[in-house]
Amino acid sequence: MATLRDVAELANVSVTTASRVLNGADESHPVSSGVRASVVSAAATLGYRRSAAGRALKNGHNNLIGVVASDILDPYFAEMIRGIEIAAAECGYVTVLANANRDPYQERTKFQVLREHGASGIVFCGSDIEGSPGTADLAREVNRAVGEGTRVVSLAPRGFVSTQIVVDNETTAYNLTKHMLGLGYRDVVFAGGLPGLTAAELRIQGYQRAMYEFDQLPRVVGRDGMSQKTGREATQQLLRVPNTPDSIICTNDETAIGSLAAIWQAGLRIPDDIAIAGIGGTATGRVFDLTTIELPLAELGRLAVEYIVRKSDEPPTAPACTLREGRTTQAVRDPV
């Protein structure tokens, strides 16, 4: 690959002069038209291309979009990331993915690295956990970056200043719970969550609001995770005690898949003995024909990229969520 020095030698000019020509000479360092033509011709002959790092140093950014994901193994975030990557490629941008393992310290470090590499914008996929060590430091870092002009987009509720393109988690869970109650279920349990995780807490609040409106007592279990393992273990505990619930709403599709496994292992039928519903609308949930609220995960990623690339002044609004009725629920009495 040709270097700037190669171009300078072929054009018989200094490296500094070649750099001024290829990077745009300013008025304080004028370059004659003849010298400019020689440098441009030499660059074309050698196939020289300015490095991305050089462009970033000059312009303050490059064609990179950084993505900080809470957990890249979670299909929920995988679909968001897929939407980001497809949209970025269509706009001539490349995504750089950083997995943070729901750790604010890792988020802060990776956010800093992405900024240092001149990312045009940085997208956060996943909520923060209120009160978690390092959260305040991360917020200060992001707030400072936003104040300096970095485009930061969050696709989940966060405790720092950023453009947020998020679904209404409280209303989503509320509507799903009302749907289950409308089918005739009454002992509806909510499974999964993490204390302090904003999105999960909002979903629990929506579930509780709907249950109280129907004069039903809410029950929340398994608030130690949002994984298949969480769903399986929480459901196993529910099946060991009297008064088995007639239905379970899970905080996400992954938790619901774990719940399905526990019910099948217990020899029970779905939805005849227990109905299951999730939130997310991931590909995994569709494989199991899960009743779920489909969130526009890939679309959220696309909107984030468009906001960064187009440098719009108005942040986009998250699209509406939709109910997908699968085979894991059924009407058990006349709808109310």
Sidechain-backbone polar pair: Ser162 side chain, Gln164 backbone, donor-acceptor under 3.5 Å: no
Side chain Tyr48, main chain Val40, donor-acceptor under 3.5 Å: no
Ser19-Thr16 side chain donor-acceptor pair, cut-off 3.5 Å: no
Pairing of Arg144 and Glu141 as salt bridge, 4.0 angstrom limit: yes
Of Ile279, Thr172, Val188, Leu176, the residue whose pairing with Tyr207 passes side-chain contact (heavy atoms from CB on, under 4.5 Å): Val188
Any donor-acceptor pair under 3.5 Å from Glu170 side chain to Leu202 backbone: no
Whether Thr291 side chain and Gly326 backbone form a donor-acceptor pair below 3.5 Å: yes
Within residues 286-310 or reaching into it, pairs that qualify as salt bridge (charged side-chain N to carboxylate O under 4.0 Å, His left out) - sequence neighbours excluded: Glu79-Arg286, Arg286-Glu294, Asp289-Arg324, Asp289-Arg327, Glu294-Arg324, Glu299-Arg302, Arg302-Glu306, Glu306-Arg310
Non-neighbouring partners of Arg219 that pass side-chain hydrogen bond (donor to acceptor under 3.5 Å, both in side chains), sequence neighbours left out: Asp187
Thr163: partners by side-chain hydrogen bond (donor to acceptor under 3.5 Å, both in side chains), with sequence neighbours left out: Tyr307
Student check: side-chain heavy atoms of Val309 and Ile65 closer than 4.5 Å: yes
Sidechain-backbone polar pair: Asp6 side chain, Thr3 backbone, donor-acceptor under 3.5 Å: yes
Verify same cluster id: Ile276, Met211 (apolar side-chain graph, 4.5 Å): no
Arg20 side, atom CZ; Arg36 side, atom CZ - distance, nearest 0.5 Å: 11.5 Å
Donor-acceptor contact present, side-chain Thr235 to main-chain Gly231, <3.5 Å: yes
Pairs satisfying salt bridge (charged side-chain N to carboxylate O under 4.0 Å, His left out), at least one member in residues 63-75, at least two apart: none
Same apolar cluster (I L V M F W Y, side chains within < 4.5 Å links), Leu323/Tyr185: yes
Can I get a per-line list of side-chain donor-acceptor pairs under 3.5 Å for residues 264-273, giving both atom names and the distance, sequence neighbours left out?
{"from": "Asp273", "atom 1": "OD2", "to": "Arg269", "atom 2": "N", "distance (Å)": "2.6"}

Inter- and intrachain pairs under salt bridge (charged side-chain N to carboxylate O under 4.0 Å, His left out), touching residues 146-155, at least two apart: Arg115-Glu148
ILVMFWY clustering at 4.5 Å (side-chain atoms), partners of Ile129: Leu194, Leu197, Met226
Partners meeting side-chain hydrogen bond (donor to acceptor under 3.5 Å, both in side chains) with Thr282 (sequence neighbours left out): Asp253
Ring pair (Phe, Tyr, Trp, His ring centres under 6.0 Å) contacts touching residues 123-165 (sequence neighbours left out): Phe111-Phe124, Phe124-Phe160
Student check: side-chain heavy atoms of Leu239 and Ile274 closer than 4.5 Å: yes
CA sep, side-chain torsions, deciding dist, call: Gln237, Val221, side-chain contact (heavy atoms from CB on, under 4.5 Å): CA-CA 9 Å; Gln237 292 177 7; Val221 299; 5.9 Å; no
Residue list, side-chain hydrogen bond (donor to acceptor under 3.5 Å, both in side chains) with Asp168, at least two apart or on another chain: Thr171
Polar side-chain atom of Asn169 near backbone of Arg203 as donor-acceptor pair, under 3.5 Å: no
Approximate separation, where rounding is to 0.5 Å, of Ser70 OG and Arg102 CZ: 4.5 Å
Qualifying residues under salt bridge (charged side-chain N to carboxylate O under 4.0 Å, His left out), relative to Arg158, sequence neighbours excluded: Glu107, Asp128
Met80 CE to Cys125 SG distance, which is reported to the nearest 0.5 Å: 5.5 Å
Whether Gln216 side chain and Phe214 backbone form a donor-acceptor pair below 3.5 Å: yes
For Glu90, side chain to side chain contact (heavy atoms under 4.5 Å, CB included) partners two or more places apart: Ile86
Spacing of Leu297 atom CG and Ile84 atom CD1 [to the nearest 0.5 Å]: 10.5 Å
Linked, directly or transitively: Ile122 and Phe77 (ILVMFWY side chains, under 4.5 Å): no
Expected output: side-chain Ser38 to main-chain Gly34 donor-acceptor under 3.5 Å: yes
Polar side-chain atom of Ser132 near backbone of Thr135 as donor-acceptor pair, under 3.5 Å: no
